[in-house]
Trainee: 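If you scroll down you'll find the structure; I have some questions about it.
Below, each value reflects all heavy atoms present in this structure, side chains not excepted, and no hydrogens, waters or symmetry copies. Chain naming here is simple, since letters A, B, ... match the order of the sequence lines and numbering starts at 1 in each.
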There are 2 protein chains.
Amino acid sequence: MWRSDAETTARHLQYQYEVGTATGIRCGKYLVPRKKAEIQRLDNTLQHHIAQYITLSNSEFSRCMTYFLPKKLRKRSFLVQEGDVCSYAAFVQKGCLRSYTIDSKGDEHVLQFAIEGWWIGDLYSFLTGEPTSYFIEALEDSELLLLDRKAYEQLTEDIPKFERFFRLLLQNNLIATQRRIIAEHSKSAVERYLDFLKTYPSIAEHVPLRHIASYLGITPEALSRIRRELAEKSL
Amino acid sequence: MWRSDAETTARHLQYQYEVGTATGIRCGKYLVPRKKAEIQRLDNTLQHHIAQYITLSNSEFSRCMTYFLPKKLRKRSFLVQEGDVCSYAAFVQKGCLRSYTIDSKGDEHVLQFAIEGWWIGDLYSFLTGEPTSYFIEALEDSELLLLDRKAYEQLTEDIPKFERFFRLLLQNNLIATQRRIIAEHSKSAVERYLDFLKTYPSIAEHVPLRHIASYLGITPEALSRIRRELAEKSL
DNA sequence: CCGCCTCCTTAACCTGCATCAATCTAATTT
DNA sequence: AAATTAGATTGATGCAGGTTAAGGAGGCGG
């Protein structure tokens with residue numbers, strides 16, 4: 001279950017395995033009924049993801065798919081905003097999102113990114129029904145599979161193996177988040193940036209630098225200096 | 001399930017409810033067989049804790065107790081050290097512990113404290129069997145209930161409600177850990193120290209200041225100055 | 001192809017916290 | 001009670017990263 005190389009393990013831990021690049025079927029418009037081939041592809045991303053953790057028969061998998069609600073999200077639009085109840089856990093089929101808060105001074109703080117094959121959502125709000133304090137924003141046109149609270153409970157009742165699945169997601173996410181705290185206490189901004197590039201190369205490709213800076217807990221200006229120094233050194 | 005006041009919620013989230021102070025039965029020596037009254041008290045701490053999350057019949061509870069191994073730990077001794085496999089999740093009946101790493105520069109970084117009614121352990125090592133990179137040290141003479149990997153699996157099989165119980169612990173811990181990251185990005189050291197005092201008053205009483213500093217990600221000197229400034233202001 | 005975003009970079013200055021080194025205090029040990 | 005040790009405080013100094021303000025560069029709609 002645990003691959004040995006550090007990079008795969010770290011990614012695995014953070015948000016449960018990044019699957020390979022999609023084969024590239026696209027549809028140009030939103031709200032257009034998806035073609036069969038595309039449905040196939042979308043299902044496969046999730047199926048591949050689930051298979052990392054538990055074994056499902058084909059019939060179980062198609063049953064499980066009925067609990068999800070597909071949703072497309074345009075770049076710069078929000079899945080939830082501060083004050084909403086985050087009624088969904090969202091699995092990313094395609095695209096890229098971030099979750100962040102805005103503090104009392106008006107500054108943004110990125111908690112998480114999610115690309116294809118990752119989950120995103122505000123767990124606290126999802127589980128308690130309290131309004132969230134996060135914004136979840138699409139950084140690119142994205143396709144999600146939503147699981148709402150009720151569907152989540154029905155799914156775990158219908159296929160109890162999913163109890164284990166979600167527990168594993170939680171465990172891995174907790175471990176990664178704890179490591180992030182230790183890293184912020186023990187490493188400099190440069191080291192953390194390099195770690196980020198190494199651990200999440202596919203996110204680094206998709207995401208504006210200022211969001212990475214925010215995730216690392218530094219300003220965009222500081223990240224810019226860091227990048228210049230790294231560039232100068234490697235010449 | 002979720003109380004409304006911020007402090008209780010925060011404590012709840014961090015490590016699942018601090019129960020009231022023990023009634024104070026002590027035994028002076030280690031490895032002395034515990035008296036019946038004491039066993040009762042110890043069980044009650046755990047029972048109270050579990051009851052926050054799931055409902056158990058008395059017979060289920062006494063069955064569940066058979067999976068735990070009691071253990072006493074003297075002040076300054078370790079439950080696990082770096083390189084060990086952390087085979088246990090430990091429930092704290094009495095006393096106080098911390099988990100920390102030592103980085104490449106030789107500096108300590110506190111990940112977590114645990115007092116009566118809390119859990120501690122290295123989840124990653126516990127679940128994978130890989131050696132841990134943490135030290136778990138008793139800050140006072142402590143009494144623990146250990147649950148090893150096998151017992152954990154048997155327990156969740158025997159009483160499936162415990163699946164839910166452990167999932168809730170994980171969820172709450174993850175939520176609290178995520179909030180800790182956001183707080184470290186958005187708040188000054190003073191604010192974080194005040195938050196700590198408010199959220200975990202009973203830990204602040206038990207724990208040396210330098211460990212609190214380490215938990216907050218600052219040096220003991222910085223914490224000392226913060227405390228002086230606060231004292232001066234409040235005069 | 002022009003103007004306007006959005007994002008990134010650069011530079012000058014500032015500050016919060018780290019570092020280093022003493023000193024003080026209160027437990028523990030003998 | 002004296003000796004030892006762990007923990008907390010204080011002061012002097014330095015630096016990583018924040019702040020502010022001003023460009024620049026690429027992308028996109030008109």
Trainee: Is A:Arg180 close enough and on-axis enough to A:Tyr215, meaning under 6.0 Å and within 45°, for cation-pi?
Mentor: yes
Trainee: Please state whether the phosphate of C:dT9, meaning OP1 or OP2, lies under 4.0 angstrom from any side-chain nitrogen or oxygen of A:Arg227.
Mentor: yes
Trainee: Given D:dG7, D:dT9, C:dT10, which nucleotide is nearest the side-chain atoms of B:Leu209?
Mentor: D:dT9
Trainee: Counting only pairs under 3.5 Å, give me each side-chain donor-acceptor contact of residues 84-92 of chain B, with atom names and distances, residues two or more places apart or in other chains.
Mentor:
from, atom 1, to, atom 2, distance (Å)
B:Asp84, OD2, B:Gln81, N, 2.9
B:Ser87, OG, B:Val85, O, 3.4

Trainee: Between the main-chain N or O of B:Tyr134 and the side-chain N or O of B:Thr101, is there a donor-acceptor pair closer than 3.5 Å?
Mentor: no
Trainee: When the nearest nucleotide of DNA chain D is assigned to A:Ala189 and to B:Val207 on a heavy-atom basis, which residue is associated with the more 5' position?
Mentor: B:Val207
Trainee: Nearest whole Å is fine: how far is C:dT9 P from A:Ile212 CD1?
Mentor: 11 Å
Trainee: Rounded to the Å, how far apart are A:Tyr193 OH and D:dG17 C1'?
Mentor: 17 Å
Trainee: Is there a side-chain contact between B:Arg228 and the phosphate of D:dG11, meaning an N or O under 4.0 Å from OP1 or OP2?
Mentor: yes
Trainee: So, applying side chain to side chain donor-acceptor pair (under 3.5 Å) with A:Glu140, which one of A:His206, A:Lys75, A:Lys94 is it?
Mentor: A:His206
Trainee: Are side-chain N/O atoms of B:Thr132 and B:Asp122 paired as donor and acceptor at under 3.5 Å?
Mentor: yes
Trainee: Quickly work out the A:Glu184 CD to C:dC17 P distance and round it to whole Å.
Mentor: 15 Å
Trainee: Report the distance from atom CG of A:Leu216 to atom P of D:dG18, rounded to the nearest whole Å.
Mentor: 11 Å
Trainee: Taking CD from B:Glu108 and C1' from D:dG7, how many angstroms apart are they, rounded to a whole number?
Mentor: 13 Å
Trainee: Please verify the inter-ring angle class for A:His49 with A:Trp119; under 30° counts as parallel, over 60° as perpendicular, anything in between as tilted.
Mentor: tilted
Trainee: Any side-chain N or O of B:Arg76 under 4.0 Å from OP1/OP2 of C:dA27?
Mentor: no
Trainee: For the pair made of CG in A:Asp141 and C1' in D:dC28, what is the distance, rounded to whole Å?
Mentor: 15 Å
Trainee: Which of parallel (below 30°), tilted (30 to 60°) and perpendicular (above 60°) describes A:Tyr200 and A:Trp118?
Mentor: perpendicular
Trainee: Atom NE2 of B:His185 and atom P of D:dG17: how far apart are they, to the nearest Å?
Mentor: 12 Å
Trainee: Rounded to the nearest Å, what distance is computed from the CG atom of residue A:Asp107 to the C1' atom of nucleotide D:dT20?
Mentor: 14 Å
Trainee: Among the candidates C:dC17, D:dG7, C:dC7, find the nucleotide nearest to the side-chain atoms of B:Arg210.
Mentor: D:dG7
Trainee: Using a cut-off of strictly less than 4.0 Å between a heavy atom of the residue and any atom of DNA chain D, enumerate the qualifying residues of residues 217-226 of chain A by number.
Mentor: A:Gly217, A:Ile218, A:Thr219, A:Glu221, A:Ala222, A:Arg225
